[in-house]
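These notes concern the structure reproduced below.
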Amino acid sequence: MWEESRFGWSWSSIPDKWADWMTLLLLAISIYFILRRALSPDLRIITTFADYLMILVTALPFATGYFLTHGTLDSIAFLGDNMRLLHVLSAELMLILIPFTRLSHSVLFFFSRAAAGVEFGRRGYSI
Amino acid sequence: MTEDVNPKAIMDFLKPRLGARLKTWIDICTHCGMCADTCHFYLASGKDPKMIPSYKVRFLRDLLKKKGRVNKDYLQEIYKTIYYECNMCRRCTLYCPFGIDIGFLISTLRGLLTSLGIAPEGLKKAVENYKLTGNQMALSKEDWVETIQWCEEEAAAEVVGLKIPIDKKGAKIMYTVNAREPKFYPQDIMEVAKIFTVAGEDWTVPSEKGWDDTNLAMFINDAATARSVAENTFKRAEELGVKQIAVTECGHAYRSLRYEAPIWLGYKPKQEVVHSVELFHDYIRDGRIKLKEKIKVPTTVQDPCNVIRNGGLAEKNRRLAEMISEDFRPMKYQGNYNYCCGGGGGAMPMGGEMKKYRLASGKIKAEQIRETGAKIVLVPCHNCIDQIRDLAKEHKLDIKAVHFKEVITEHMEIPEHMIPKEEGEEEE
């Protein structure tokens with residue numbers, strides 16, 4: 001819309017190659033975290049279903065984005081027709097879930113660190 | 001699910017405490033497991049996943065989800081976890097990517113159980129004693145004052161002119177002790193009297209309640225009692241018009257008076273709270289205490305969680321140890337990141353029921369000490385010193401655990417005029 005307005009602004013985009021590799025990197029990391037959770041006896045005891053779900057929800061917009069640009073799953077009729085829709089919806093799902101789930105840690109991280117920082121800071125050292 | 005526990009009582013305790021901080025910490029733990037390797041219970045148990053700090057505080061989220069509808073067995077499970085598997089040393093907090101205060105969460109759970117009438121007998125007894133007498137050992141005022149006078153007599157035989165001034169108005173420092181000292185370790189009082197006399201300190205001890213600086217109510221999170229215990233001490237300090245309140249070599253006493261009391265009281269007391277480690281460090285640094293000689297055998301120093309990590313004295317503790325030793329050997333993780341000895345968070349005063357757990361979890365501390373090869377372990381905390389002495393027996397360590405005041409008294413130079421004259425000379 002900015003583009004169509006009198007300002008004529010537009011987002012600059014990163015090269016497709018970069019985007020591809022960064023997406024693949026993120027997916028690889030997601031798989032690593034899922035495996036780590038599933039295989040480590042330490043993590044298994046503290047893991048809840050939601051922990052897996054959060055990784056999936058985070059990875060999904062990236063996976064659908066990759067499929068969309070490369071047409072990987074286009075041979076499956078439904079997915080081929082609706083990948084754009086799935087991509088947008090999955091990203092929206094992630095954004096909507098942030099305030100209601102553990103994904104909020106991306107924002108609350110700073111407040112939590114600050115609270116701990118105050119607690120030890122008044123003892124005269126930083127963590 | 002049996003309804004023999006009142007869910008309303010549980011929710012009534014939790015709800016008012018669900019501030020932004022607690023809620024954030026309950027909600028954002030992503031179960032990453034980074035806290036596992038930081039816990040001495042986890043390491044000592046051979047990496048038992050049940051000992052992961054994050055797992056130990058699962059109850060909070062669970063209780064909120066169940067709206068407090070749990071049974072007695074569940075509460076018993078909480079009890080075992082929060083008392084037998086955690087010293088609230090907060091080492092995990094320093095390593096948590098979010099800085100989630102597991103110690104605080106455990107403490108909240110302990111407060112919940114206390115509000116339901118569940119707490120270790122040893123601590124309950126001490127809390128009753130505080131309520132009745134103002135000190136954990138239920139000593140009467142007469143016993144306390146007599147003990148001091150007797151200590152004064154004994155110590156004055158070795159340092160001429162030594163006085164233990166009682167209720168001296170306008171003194172600079174009001175010295176407070178752990179009630180274990182008059183009861184079991186009177187030599188601690190004599191030693192500190194000698195140090196103060198040689199350093200020329202202007203000090204006093206109060207005769208009325210408030211002289212016991214310990215606060216075991218803090219460990220069961222009985223905030224009302226904890227507040228009144230701290231209040232006693234500050235009231236005495238106010239009456240005597242002192243500038244500083246000095247705390248004996250005890251960890252939780254120092255933390256409770258210096259860092260927790262302002263929260264319980266709702267205001268910041270005028271008097272500065274100082275730990276013995278700070279005083280002794282400054283005396284030696286400033287030359288008010290001179291040493292005849294340093295300790296010759298290898299030494300190391302323990303970092304009690306409530307003096308160091310939760311008290312902020314890491315540097316002075318280490319420097320004091322270095323100043324009095326010829327061969328100081330730091331432990332691995334010396335300072336704020338040191339391991340708990342396993343005797344903290346009320347584990348020592350809990351008595352028999354805790355013994356096997358604390359001896360097991362202390363394995364990590366025992367190994368740390370063994371690695372240094374030290375023969376003397378300096379320990380500025382009553383709980384740590386008892387625990388480390390027990391660990392030495394249990395894990396066959398060839399060490400002696402001592403308070404700073406003991407070795408300083410042994411090694412300090414006593415000025416000419418304070419050295420008692422021989423019998424023969426006096427007759428001249």
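What's counted below: heavy atoms across the whole structure, side chains too, no hydrogens, waters or symmetry copies. In what follows, chains are A, B, ... by sequence order, proteins preceding strands, each numbered from 1.
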Show me the donor-acceptor pairs under 3.5 Å between chain A and chain B.
residue: R36(A); atom: NH2; partner: C32(B); partner atom: O; Å: 3.0
residue: R37(A); atom: NH1; partner: H31(B); partner atom: O; Å: 2.9
residue: R37(A); atom: NH2; partner: T30(B); partner atom: O; Å: 2.7
residue: R37(A); atom: NH2; partner: H31(B); partner atom: O; Å: 2.9
residue: D42(A); atom: OD1; partner: Y42(B); partner atom: OH; Å: 3.2
residue: D42(A); atom: OD2; partner: Y42(B); partner atom: OH; Å: 2.2
residue: I46(A); atom: O; partner: H31(B); partner atom: ND1; Å: 3.2
residue: D51(A); atom: OD1; partner: H31(B); partner atom: ND1; Å: 3.4
residue: D51(A); atom: OD2; partner: H31(B); partner atom: ND1; Å: 2.7
residue: R102(A); atom: NH1; partner: H31(B); partner atom: ND1; Å: 3.3
residue: S112(A); atom: OG; partner: W25(B); partner atom: NE1; Å: 2.9
residue: S112(A); atom: OG; partner: F98(B); partner atom: O; Å: 2.6
residue: R113(A); atom: NH1; partner: C96(B); partner atom: O; Å: 3.0
residue: R113(A); atom: NH1; partner: P97(B); partner atom: O; Å: 3.3
residue: E119(A); atom: OE2; partner: R90(B); partner atom: NH2; Å: 3.2
residue: R122(A); atom: NH1; partner: Y259(B); partner atom: O; Å: 3.1
residue: R122(A); atom: NH2; partner: Y259(B); partner atom: O; Å: 3.2
residue: R123(A); atom: NE; partner: N310(B); partner atom: O; Å: 2.6
residue: R123(A); atom: NH2; partner: E260(B); partner atom: OE2; Å: 3.2
residue: Y125(A); atom: OH; partner: R309(B); partner atom: O; Å: 2.6

Check your understanding: Given that the side chain runs from C-beta out, which part of I263(B) has a heavy atom under 4.5 Å from chain A: side chain, backbone, both or neither?
Key ->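 Contact with chain A: side chain only.
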So which residues of residues 12-24 of chain A are in contact with chain B at a heavy-atom cut-off of under 4.5 Å?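 From residues 12-24 of chain A, none sit under 4.5 Å of chain B.
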query: Where along residues 68-85 of chain A does a heavy atom come under 4.5 Å of chain B, listed by residue number?
result: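 Residues in range: none.
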Stepwise side-chain contact (heavy atoms from CB on, under 4.5 Å) check, F120(A) with L94(B):
CA-CA 9 Å; F120(A) 291 101; L94(B) 294 194; 3.8 Å; yes
key: Closest non-hydrogen atom pair, G99(B) against A116(A)   =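 That would be O-CB, 3.3 Å.
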Requested in this report: Among A314(B), C32(B), G311(B), single out the residue with the greatest number of heavy-atom pairs under 4.5 Å to chain A.
Outcome: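 Heavy-atom pairs under 4.5 Å are most numerous for C32(B).
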For each of F109(A), F110(A), F111(A), tally heavy-atom pairs with chain B at distances under 4.5 Å, and name the one with the top tally.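 The residue among F109(A), F110(A), F111(A) with the greatest pair count is F109(A).
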Query - Approximate separation, where rounding is to 0.5 Å, of I52(B) CD1 and I46(A) CD1 - result: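 Between I52(B) CD1 and I46(A) CD1, I get 4.5 Å after rounding to 0.5 Å.
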Counting only heavy atoms not in M34(B), do more than 12 fall under 6.0 Å of its CE?
->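 Result for CE/M34(B): open.
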